[in-house]
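All ligand and atom numbering here is 1-based and tracks the order in the structure.
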Amino acid sequence: MDLFNTETSTNLLPFDGEVNYYGRMMPPVEANHYLQVLLDTIAWKNDEAVIFGKHIITKRKAAWYGDAVYAYTYSNTTKQSMLWTKELLELKAMVEKLTGTTFNSCLLNLYHNGDEGMGWHSDDESSLGRNTVIASLSLGAERKFMLKHKVNKRLVSIMLANGSLLVMQGSTQTNWLHALPKTKKVNTSRVNLTFRTIVDAPVI
Ligand SMILES: O=C(O)CCC(=O)C(=O)O
Ligand SMILES: [Fe+2]
């Protein structure tokens with residue numbers, strides 16, 4: 001699966017959800033270009049979370065952009081979105097064309113190297129609604145992405161190539177967790193963009 005713009009992909013999950021890997025949606029030179037522009041232009045900030053009552057500041061950086069200045073709560077903290085940049089609008093248009101879905105916001109994560117990752121979670125905040133579609137575009141270092149069934153603990157993993165697109169939909173967030181494990185093998189940066197549709201976030 002390494003075809004620019006193929007419209008076909010198969011479900012990676014054996015049951016209880018739908019995760020499609022589209023492979024690379026642009027050539028590596030273009031992905032590298034977007035990576036560099038996003039590193040330079042996005043208002044990256046260390047992410048904050050409250051986990052078991054403890055306030056945590058992540059090494060990973062994050063930023064949230066959208067159609068409006070939304071207030072959005074995840075990991076027990078409330079964040080404010082910024083308005084789309086030119087490049088984010090270009091990437092959103094490509095992702096919307098491939099998936100046939102529209103999105104009103106995007107959460108970006110910057111992992112400087114393999115020491116940074118994301119723990120097991122599901123993107124099941126009420127502001128995303130049920131059976132939401134999340135389109136995840138990867139730029140830069142190739143990293144492993146894992147899914148784990150909440151009940152029977154079945155594991156699924158896939159390497160996310162530079163410039164590739166992964167789409168999670170259906171009951172995936174209800175039944176599966178996902179994570180980006182840390183790794184000693186990677187010492188370069190990866191930016192991940194998760195395009196989402198939020199349904200009830202207040203506009204500030
Ligand atoms: O970096 C990734 O591929 C995963 C990001 C993710 O799960 C999230 O932003 O909710
Ligand atoms: Fe996630």
Is it true that [X] and [Y] fall in one hydrophobic cluster, defined by side-chain heavy atoms closer than 4.5 Å?
{"X": "Leu107", "Y": "Val50", "value": "no"}
{"X": "Val167", "Y": "Met146", "value": "no"}
{"X": "Val203", "Y": "Ile198", "value": "yes"}
{"X": "Leu12", "Y": "Ile134", "value": "yes"}

Near [X], which atoms of ligand 1 are under 4.0 Å from a heavy atom of that residue?
{"X": "His178", "result": "7 (O)"}
{"X": "Asp123", "result": "10 (O)"}
{"X": "Arg196", "result": "8 (C), 9 (O), 10 (O)"}

- Query: Between Lys79 and Ser81, does any side-chain donor sit less than 3.5 Å from a side-chain acceptor?
  - Reply: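 Ser81 and Lys79 do not have a side-chain donor-acceptor pair below 3.5 Å.
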Heavy-atom distances under 4.0 Å decide this one: backbone, side chain, both or neither, for [X] against ligand 1?
{"X": "Ile134", "value": "neither"}
{"X": "Leu107", "value": "side chain"}
{"X": "Lys144", "value": "neither"}
{"X": "Met118", "value": "side chain"}

- Message: Short of 2.8 Å from the Fe ion (ligand 2), name each protein N/O/S atom, waters not counted.
- Response: His121 NE2, Asp123 OD2, His178 NE2
- Message: Does anything in residues 146-175 form a salt bridge (charged side-chain N to carboxylate O under 4.0 Å, His left out)? List the pairs, not counting sequence neighbours.
- Response: Asp124-Lys150
Tabulate below the donor-acceptor pairs under 3.5 Å that side-chain atoms of residues 182-189 make, not counting sequence neighbours, or state none.
{"from": "Thr183", "atom 1": "OG1", "to": "Lys185", "atom 2": "N", "distance (Å)": "3.0"}
{"from": "Ser189", "atom 1": "OG", "to": "His112", "atom 2": "O", "distance (Å)": "3.3"}

Starting from [atom], find the nearest protein heavy-atom neighbour and note its residue, name and distance.
{"atom": "atom 3 (O) of ligand 1", "answer": "Arg190 NH2, 2.8 Å"}
{"atom": "atom 1 (O) of ligand 1", "answer": "Tyr111 OH, 2.6 Å"}
{"atom": "atom 5 (C) of ligand 1", "answer": "Asn192 OD1, 3.5 Å"}
{"atom": "atom 9 (O) of ligand 1", "answer": "Asn109 ND2, 3.1 Å"}

- Message: Can you classify the ring geometry of Trp176 versus His149 as parallel (below 30°), tilted (30 to 60°) or perpendicular (above 60°)?
- Response: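 Taking His149 first and then Trp176, their aromatic rings stand perpendicular (interplane angle over 60°).
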- Parallel, tilted or perpendicular: which describes the rings of His121 and His178, with under 30° parallel and over 60° perpendicular?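 The arrangement is perpendicular - the two ring planes meet at more than 60°.
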- Check for a donor-acceptor pair, side chain of Arg190 on one end and backbone N or O of Asn162 on the other, with a separation under 3.5 Å. no
- Item | Flag if over 12 foreign heavy atoms under 6.0 Å of NZ, Lys144 |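 No, the 6.0 Å shell around NZ holds no more than 12 heavy atoms from other groups.
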- Looking at residues at least two apart in the chain, or sitting in another chain, which of them share a salt bridge (Lys or Arg N to Asp or Glu O under 4.0 Å) with Lys92?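 With sequence neighbours excluded, Lys92 shows a salt bridge (Lys or Arg N to Asp or Glu O under 4.0 Å) to Glu96, given in chain and number order.
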- Task: Please determine if Ser136 has a nitrogen or oxygen closer than 3.5 Å to a nitrogen or oxygen of ligand 1.
- Result: no
